[in-house]
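Structure first, commentary second.
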Amino acid sequence: MAYDTNNIFARIVRGEIPCKKVCESAHTLAFEDINPQAPVHVLVIPKGPYLNHEAFAANASDAEIADFHRTILEAARKTGVAEGEGGNGYRLITNSGPDAHQEVPHYHVHVVGGAPVGRMLSRRREGA
Ligand code: 5GP
């Protein structure tokens, strides 16, 4: 699947659609999810045109990858979920591709926390 330059997150990066920004760095943007699933639910995205985790890990520069992870940490600290800042931890989720139910075709990591978020996966019927 080719990268769609008009996907919603690309438009947020370009400033065409507003977002509630948490923090920003040279290569990365962090903003609140529009439909939060936890008291803290931040999306962290690279500014570059990467479809999913596979594309980002394969093609992004070392600087982009380091910047991305440092910005995840900055977002966790700013939202008060980082343990070093007195928070109680957080979960990082990446849905990459159809089996993972990726909805927006621009790589992103969800940072969720602010309350217990349960176990990582529950067993479900095949195809559910
Ligand atoms: P995915 O299923 O692709 O991992 O998650 C996409 C996420 O993007 C969802 O949690 C959804 O609520 C969020 N989202 C979709 N459209 C928008 C938007 O226009 N603005 C913001 N802030 N979040 C969005």
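When a ligand or atom number is given, it counts from 1 through the structure's own listing order.
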Show me a pair-per-line table, with atom names and distances to 0.1 Å, of protein N or O atoms that are under 3.5 Å from an N or O of ligand 1.
unit_1: ligand 1; atom_1: 2 (O); unit_2: His101; atom_2: O; d: 3.3
unit_1: ligand 1; atom_1: 2 (O); unit_2: Glu103; atom_2: N; d: 3.3
unit_1: ligand 1; atom_1: 3 (O); unit_2: Glu103; atom_2: N; d: 2.7
unit_1: ligand 1; atom_1: 3 (O); unit_2: Val104; atom_2: N; d: 3.0
unit_1: ligand 1; atom_1: 3 (O); unit_2: His108; atom_2: NE2; d: 3.0
unit_1: ligand 1; atom_1: 4 (O); unit_2: Asn95; atom_2: ND2; d: 2.9
unit_1: ligand 1; atom_1: 4 (O); unit_2: His108; atom_2: NE2; d: 2.8
unit_1: ligand 1; atom_1: 4 (O); unit_2: His110; atom_2: NE2; d: 2.8
unit_1: ligand 1; atom_1: 5 (O); unit_2: His108; atom_2: NE2; d: 3.3
unit_1: ligand 1; atom_1: 5 (O); unit_2: His110; atom_2: NE2; d: 3.3
unit_1: ligand 1; atom_1: 10 (O); unit_2: Asp33; atom_2: OD1; d: 3.3
unit_1: ligand 1; atom_1: 10 (O); unit_2: Asp33; atom_2: OD2; d: 2.5
unit_1: ligand 1; atom_1: 12 (O); unit_2: Asp33; atom_2: OD1; d: 2.5
unit_1: ligand 1; atom_1: 22 (N); unit_2: Glu32; atom_2: O; d: 2.9
unit_1: ligand 1; atom_1: 22 (N); unit_2: Ile34; atom_2: N; d: 3.4
unit_1: ligand 1; atom_1: 23 (N); unit_2: Ile34; atom_2: N; d: 3.3

What donor-acceptor contacts under 3.5 angstrom involve side-chain atoms of residues 73-89, with partners at least two apart or in another chain?
unit_1: Lys78; atom_1: NZ; unit_2: Val22; atom_2: O; d: 3.1
unit_1: Thr79; atom_1: OG1; unit_2: Ala75; atom_2: O; d: 2.7
unit_1: Thr79; atom_1: OG1; unit_2: Ala76; atom_2: O; d: 3.4

| Between His110 and His41, how do the two ring planes meet: parallel, tilted or perpendicular, split at 30° and 60°? |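 Aromatic pair His110/His41 classed tilted.
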
| Pairs in or reaching into residues 33-50: which pass salt bridge (Lys or Arg N to Asp or Glu O under 4.0 Å), with residues at least two apart or in two chains? |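 Those involving residues 33-50 are Glu24-Lys47.
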
| field | ring pair (Phe, Tyr, Trp, His ring centres under 6.0 Å) contacts in which one or both residues fall within residues 72-95, not counting sequence neighbours | value |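 Matches after skipping sequence neighbours: none remain.
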
| query | Between Met1 and Pro105, is any pair of side-chain heavy atoms under 4.5 Å apart? | reply |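 Met1 reaches Pro105 side chain to side chain.
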
| Do the side chains of His53 and Tyr107 get nearer than 4.5 Å, heavy atoms only? |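 Sidechains of His53 and Tyr107: in contact.
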
